[in-house]
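Report on the structure given below.
Just so we're clear, the structure is a prediction, and the values are computed from it rather than from any experiment. Within every chain, numbering begins at 1; the chains are lettered A, B, ... in the order of the sequence lines, protein sequences first and strands thereafter.
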Protein chains: 2
Amino acid sequence: MKTRDRIIHAALALFNEHGEPNVTTNHIAADLGISPGNLYYHFRNKEQIIHCIFDQYAIDLKVSFEPVDVAEAIEASLLRYLDAVFLLMWRYRFFYANLPDILRRDAALQNKYLAVQTQLQVNISQIMINFRDAGLLALADVDLKVLADTLKLVASSWISYQTTQVAGAKITQTVIYHGVQQMLNIVRPLATELGQQRVTTLQHYYLEQEQQYLEQQQKITNSEL
Amino acid sequence: MKTRDRIIHAALALFNEHGEPNVTTNHIAADLGISPGNLYYHFRNKEQIIHCIFDQYAIDLKVSFEPVDVAEAIEASLLRYLDAVFLLMWRYRFFYANLPDILRRDAALQNKYLAVQTQLQVNISQIMINFRDAGLLALADVDLKVLADTLKLVASSWISYQTTQVAGAKITQTVIYHGVQQMLNIVRPLATELGQQRVTTLQHYYLEQEQQYLEQQQKITNSEL
DNA sequence: GTCTATACACTGATAGAC
DNA sequence: GTCTATCAGTGTATAGAC
């Protein structure tokens, strides 16, 4: 792998592990066993590294939220949406953990972020509308918008919120699975009877996913003994 | 006012104005026209200042959320709760804007915060239960808990979330009023018909409050011309 | 209580040799 | 492309005079 890519890769891992504000360019260089000078040969500054990571995030997001195929089943689209939310939250968790800070420091990045978010808002609203048209939700337009906004807020804030609510607050996949469950919990009481069934099915699915993840972690722990 | 108190006061104002991470002890001292050394005579470090501000916050919170009088009308308790949420979010907005960061740096503060939050959680759940017992909400226990959690998350994350979603993102009372409206919007579709009426009444009330605030701002702007 | 001066640690960033 | 060396800037915190 090229040094430039290795830097991006290491930076993402370190940011996720220790939090972006705690990771300096010196740390990144040290982690890779290269000199700070070398890092600055490849990047003008730390912000530029974050920009590159964000660009990758934006691409991942775009791919995950490709316009919904009309033929695609409603549940499939919601599943795909939630899977994407989960994956992105996990892969770029440092970002979700420090969003306000990172964006405040960098107006250019904030603009990029807003553009991405606007598109996301459109997509999530469309999913809600499809959901209603399929008779799974029975909500007025206003309430549908409120729901979409709430879900977006929960998705955006979940990791950050969890770090404040739990003491040692290490971000694990379990934390994120609980976020997905919370989102489904919010939708459920607003759904029609049919919709509630579908939501419950999804919740069981994610409960299983979480279970599998935990068992896998257990195996790893055991094999280390 | 004693210098110590003046420091706390100035620090809170500067934190709210510029964001806690952007305000150094030097800034605080300069703002008061005292020397940095003098500031450090009164406080061991910046963290201690934040601790003092937090203690004040905790007291304000405790006062606002005194156990609900059984005789108190349901709407009155909700109104009191929302007014308190609004006032605290406004008075200590720097805290809501940077919670994860501030708590991560200071384990002692996080413990204080968790203790306060636990109590808050109990109170908000009780309000929900009262709300249901009065026939304003028709929700199962599980859904009631989800609702309480969601409202707490929205309240905690609102300011921080708004700073990411809007470009220049200055925190104004309007932003916070919108947060209160969003909370009520979340409750409304879950309420009984009677409950929806009450929620709508509250929403009108806060819309008026916001309007009054805006008119007042307008007056100030005009008088400056 | 308050000031001036300064030490200390650390980050981001650059210059110039190899 | 990569390294060593180093600088300027900044923020926290302390020492000692007044």
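Contacts with DNA chain C (heavy atom under 4.0 Å) in residues 8-35 of chain B: B:Gly33, B:Ile34, B:Ser35, listed by number. Sorted by residue number, the members of residues 37-56 of chain A with any non-hydrogen atom under 4.0 Å from DNA chain C read A:Gly37, A:Tyr40, A:Asn45, A:Lys46.
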Let's go through A:Arg93 and A:Glu17 carefully: what are the C-alpha distance in whole Å and the side-chain angles of both, what is the deciding distance for salt bridge (charged side-chain N to carboxylate O under 4.0 Å, His left out) to 0.1 Å, and is it a yes or a no? CA-CA 9 Å; A:Arg93 53 197 179 279; A:Glu17 178 71 19; 5.4 Å; no
Practice task
Walk me through it: do A:Lys152 and A:Asp149 pass the test salt bridge (charged side-chain N to carboxylate O under 4.0 Å, His left out)?
Solution key: CA-CA 5 Å; A:Lys152 191 149 152 293; A:Asp149 285 350; over 6 Å; no
message = For B:Val199 and B:Leu78: C-alpha separation, side-chain torsions, deciding distance, then whether side-chain contact (heavy atoms from CB on, under 4.5 Å) applies.
response = CA-CA 10 Å; B:Val199 169; B:Leu78 189 62; 5.5 Å; no
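Here the side chain of B:Tyr206 pairs a donor or acceptor atom with the backbone of B:Asp83 at under 3.5 angstrom.
Going from atom CD1 of A:Ile7 over to atom P of C:dG12 covers 14 Å, rounded to whole Å.
No donor-acceptor contact under 3.5 angstrom links the side chains of B:Ser156 and A:Tyr161, judged on distance only. Side-chain contact of A:His42 with A:Lys2: a donor-acceptor pair under 3.5 Å is absent, judged by distance alone. Remark: the B:Gln126 side chain and the B:Asn130 side chain contain an N/O donor-acceptor pair separated by less than 3.5 Å.
Under the 30°/60° scheme for interplanar angles, the aromatic rings of A:Tyr57 and A:Tyr96 are found to stand perpendicular.
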